[in-house]
2 protein chains.
Amino acid sequence: MTAKTPDSTRRSERSRRAILDAALELVGESGYQRLTIEAIAARAGVGKQTIYRWWPSKAAVLFEAVVPEGVDPATVELPDTGDIEADLKATLRATVDELGNPRLDAPTRALTAETQNDPQLGAALAERVLEPQLQAYVRRLQAAQRAGQIADGVDLRTALELLVGPLFHRWLLRTRPLTHEYADTVATLVVRGLAPR
Amino acid sequence: MTAKTPDSTRRSERSRRAILDAALELVGESGYQRLTIEAIAARAGVGKQTIYRWWPSKAAVLFEAVVPEGVDPATVELPDTGDIEADLKATLRATVDELGNPRLDAPTRALTAETQNDPQLGAALAERVLEPQLQAYVRRLQAAQRAGQIADGVDLRTALELLVGPLFHRWLLRTRPLTHEYADTVATLVVRGLAPR
């Protein structure tokens with residue numbers, strides 16, 4: 001291995017970013033099935049081999065485009081103002097906003113669908129994206145349980161799925177629009193269900 | 001068009017069933033992406049043209065294999081013993097059993113994933129499978145609301161998504177095993193959240 005010069009590192013980073021942007025754009029325009037490494041290379045203005053040097057598949061390119069690099073999963077935290085209902089509303093509203101981001105909608109759907117065919121991709125998504133988020137819910141709900149806002153003995157893993165499951169269902173199956181009002185209603189009803197009796 | 005003889009109708013029905021069975025088996029064995037009309041035809045012992053005469057795509061074959069023909073959506077009903085919590089537990093336990101059916105697991109996942117690439121398939125699944133089921137929840141929850149077991153003013157569409165969303169999330173994302181105990185916990189917590197205060 002030879003050390004890269006600052007110039008070639010900068011060129012590499014520019015190519016990498018162009019490739020990721022091209023992948024996001026193309027999925028949004030024509031869908032995941034028509035996405036090819038050739039098309040990404042053409043749009044990004046690089047050679048196919050440049051892409052294959054860094055990523056083994058179109059799913060891997062898209063994964064990196066959607067999942068921010070260098071995010072430390074341990075730093076994902078829900079807000080904690082002491083008011084569990086308000087904090088969950090804020091968190092679910094932010095999720096509604098993320099899922100509604102038109103630039104990320106098609107790629108995120110494509111990746112989620114692709115996990116059904118590609119267990120390795122599913123494991124990578126679970127490890128780097130899904131579980132860190134779900135563990136952040138667990139920590140926030142534990143604090144609420146200690147504060148007496150959630151009944152003792154409630155399984156917090158189930159509790160968090162009551163919050164994120166409905167949004168995921170509505171988003172992936174496109175049954176109804178995802179709105180802040182919906183996020184609020186889910187949070188209110190679930191917090192009621194979790195409260196000490 | 002010429003009338004079919006009883007013999008040719010019987011032969012057609014036998015071929016149709018063999019094709020649907022072959023599609024289910026092959027998806028379970030090697031996944032949706034390796035599924036081809038050629039492979040289905042070979043396994044079913046029919047010609048490719050026989051399949052193309054009846055279905056436009058492998059997704060369409062799988063759809064018919066998974067979705068029972070001739071089910072009238074209006075006849076889908078949840079049990080109504082008068083006890084909403086018990087009825088929801090029974091319903092969610094039955095869903096856990098269905099999603100755990102190894103013969104249907106891979107094809108149902110494949111179809112769900114495919115809806116992200118194929119809006120027509122998504123619309124067909126919504127119309128013939130998803131919405132009839134969700135409407136049955138709405139009717140049962142309406143009865144519970146009339147009986148005073150659910151608070152007035154609760155949005156029942158959101159309420160049913162609190163029930164089915166968590167199971168869907170856990171199943172599709174394979175985060176944890178789907179069990180009857182889980183179904184019961186979801187039903188109990190949600191019914192608590194919906195109850196008049």
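The sequence lines fix the lettering, A, B, ..., with proteins before strands; numbering per chain opens at 1.
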ask   = Is there a donor in the side chain of E161(B) and an acceptor in the side chain of Y137(B), or the other way round, less than 3.5 Å apart?
value = no

ask   = Does R16(A) make a cation-pi contact with W55(A) (under 6.0 Å, within 45 degrees of the axis)?
value =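 So R16(A) doesn't make the cation-pi contact.
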
inquiry  = Is the terminal nitrogen or CZ of R176(A) (NZ for Lys, CZ for Arg) located under 6.0 angstrom from the six-membered ring centre of W171(A) and within 45° of that ring's axis?
reply    =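 No; the conditions do not both hold, so R176(A) does not lie above the ring face of W171(A).
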
request  = Please lay out, stage by stage, how V186(B) and L162(B) fare under the test side chain to side chain contact (heavy atoms under 4.5 Å, CB included).
outcome  = CA-CA 8 Å; V186(B) 168; L162(B) 293 179; over 6 Å; no

Measure distances from [X] to the heavy atoms of chain B and classify the residue's part below 4.5 Å as side chain, backbone, both or neither.
| X | result |
| --- | --- |
| L134(A) | side chain |
| L130(A) | side chain |
| V154(A) | side chain |

request  = Give the intermediate values and the outcome of side chain to side chain donor-acceptor pair (under 3.5 Å) for residues E85(B) and T188(B).
outcome  = CA-CA 6 Å; E85(B) 185 172 339; T188(B) 298; 2.9 Å; yes

query = Out of L173(A), V190(A), L125(A), which one racks up the most heavy-atom pairs below 4.5 Å with chain B?
reply =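 Most pairs with chain B among the choices: L173(A).
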
inquiry  = Heavy-atom pairs under 4.5 Å with chain B: which of T115(A), D155(A), L172(A) has the most?
reply    =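 Maximum pair count with chain B is reached by L172(A).
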
inquiry  = At a 4.5 Å cut-off on heavy atoms, which part of R34(B) comes close to chain A: side chain, backbone, both, or neither?
reply    = neither

inquiry  = Run L194(B) and L156(B) through side chain to side chain contact (heavy atoms under 4.5 Å, CB included) and show every step you take.
reply    = CA-CA 9 Å; L194(B) 304 178; L156(B) 299 181; over 6 Å; no

Max heavy-atom pair count under 4.5 Å with chain A, selected residue of A195(B), G122(B), P166(B) =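 It is P166(B).
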
